[in-house]
Amino acid sequence: MEKVSGKGHHLHLEDRQKLSVNGVKKVQSFDPKDILLETEQGILGIKGEGLGIKQLDLQDGLVEVEGHIDMLQYPRRSGQGERHSLWGRIFR
């Protein structure tokens with residue numbers, strides 16, 4: 001994955017099996033079916049099966065995810081306290 005200087009956010013998905021993301025600030029949560037990343041453009045939800053974080057470099061804002069990726073989603077912006085309850089409604 002290419003390093004990008006400055007602020008920005010890019011995604012690269014290969015065959016729904018490998019996802020490279022830059023502009024990542026924080027991993028909010030992780031399990032083999034759901035990953036939540038805080039990015040320069042807001043929260044990014046990744047849903048699938050057998051998901052694993054293969055590379056994590058928060059200093060450079062880089063994350064690589066492998067597994068079967070079913071969905072990428074940016075929930076609507078909401079207040080800090082509402083973020084997880086909104087996410088819960090999306091993935092019922």
Side-chain angles (χ1 to χ4, degrees):
M1 182 161 54
E2 223 176 282
K3 289 187 180 184
V4 177
S5 61
K7 299 217 176 203
H9 174 57
H10 302 276
L11 303 171
H12 179 82
L13 180 61
E14 296 177 33
D15 300 322
R16 292 180 61 185
Q17 299 295 317
K18 184 176 180 183
L19 175 67
S20 300
V21 183
N22 74 344
V24 176
K25 297 178 176 182
K26 180 180 176 182
V27 176
Q28 295 244 335
S29 67
F30 164 78
D31 69 48
K33 292 185 177 191
D34 297 298
I35 298 175
L36 281 179
L37 303 175
E38 182 179 331
T39 75
E40 297 287 341
Q41 296 294 311
I43 300 298
L44 169 62
I46 304 163
K47 189 168 177 88
E49 296 290 329
L51 300 177
I53 295 177
K54 297 301 175 186
Q55 179 181 343
L56 176 62
D57 183 347
L58 294 178
Q59 185 174 8
D60 288 331
L62 306 173
V63 174
E64 285 188 3
V65 174
E66 289 185 351
H68 181 78
I69 298 166
D70 291 323
M71 182 172 65
L72 302 171
Q73 184 169 27
Y74 295 91
R76 286 187 213 148
R77 294 188 185 261
S78 63
Q80 287 286 84
E82 298 174 31
R83 184 177 295 164
H84 293 291
S85 62
L86 172 64
W87 194 251
R89 289 192 304 265
I90 291 171
F91 285 116
R92 282 188 187 178

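We count residues from 1, following the sequence as given.
Considering only heavy atoms from C-beta on, Gln73 stays 4.5 Å or farther from Ile43 through its side chain. Here the side chains of Leu62 and Val24 are not in contact, with every heavy-atom distance at 4.5 Å or above. Counting only heavy atoms from C-beta outward, the side chains of His9 and Val21 approach each other to under 4.5 Å. When side chains are defined from C-beta on, Lys47 does not count as touching Lys33, because their heavy atoms never get closer than 4.5 Å. At a threshold of 4.5 Å between non-hydrogen side-chain atoms, the residues Gln17 and Glu66 do not count as touching.
Between Leu51 and the options Asp31, Asp34, Leu19, Ile35, a side-chain contact (heavy atoms from CB on, under 4.5 Å) holds for only Ile35.
Annotation: the span from Thr39 atom OG1 to Leu11 atom CG amounts to 8.0 Å, rounded to 0.5 Å. Within the model, atoms CD of Glu14 and OG of Ser20 stand 6.5 Å from one another, a figure rounded to the nearest 0.5 Å. For the atom pair CG (Leu37) and CG (Leu56), the distance works out to 9.0 Å, reported to the nearest 0.5 Å. Interatomic distance, Asp70 CG to Glu49 CD, rounded to the nearest 0.5 Å: 6.5 Å.
For the pair Arg16 (side chain) and His68 (backbone), a donor-acceptor distance under 3.5 Å is absent.
Residues Glu40 and Gly8 share a closest heavy-atom pair of CG-O, 3.4 Å.
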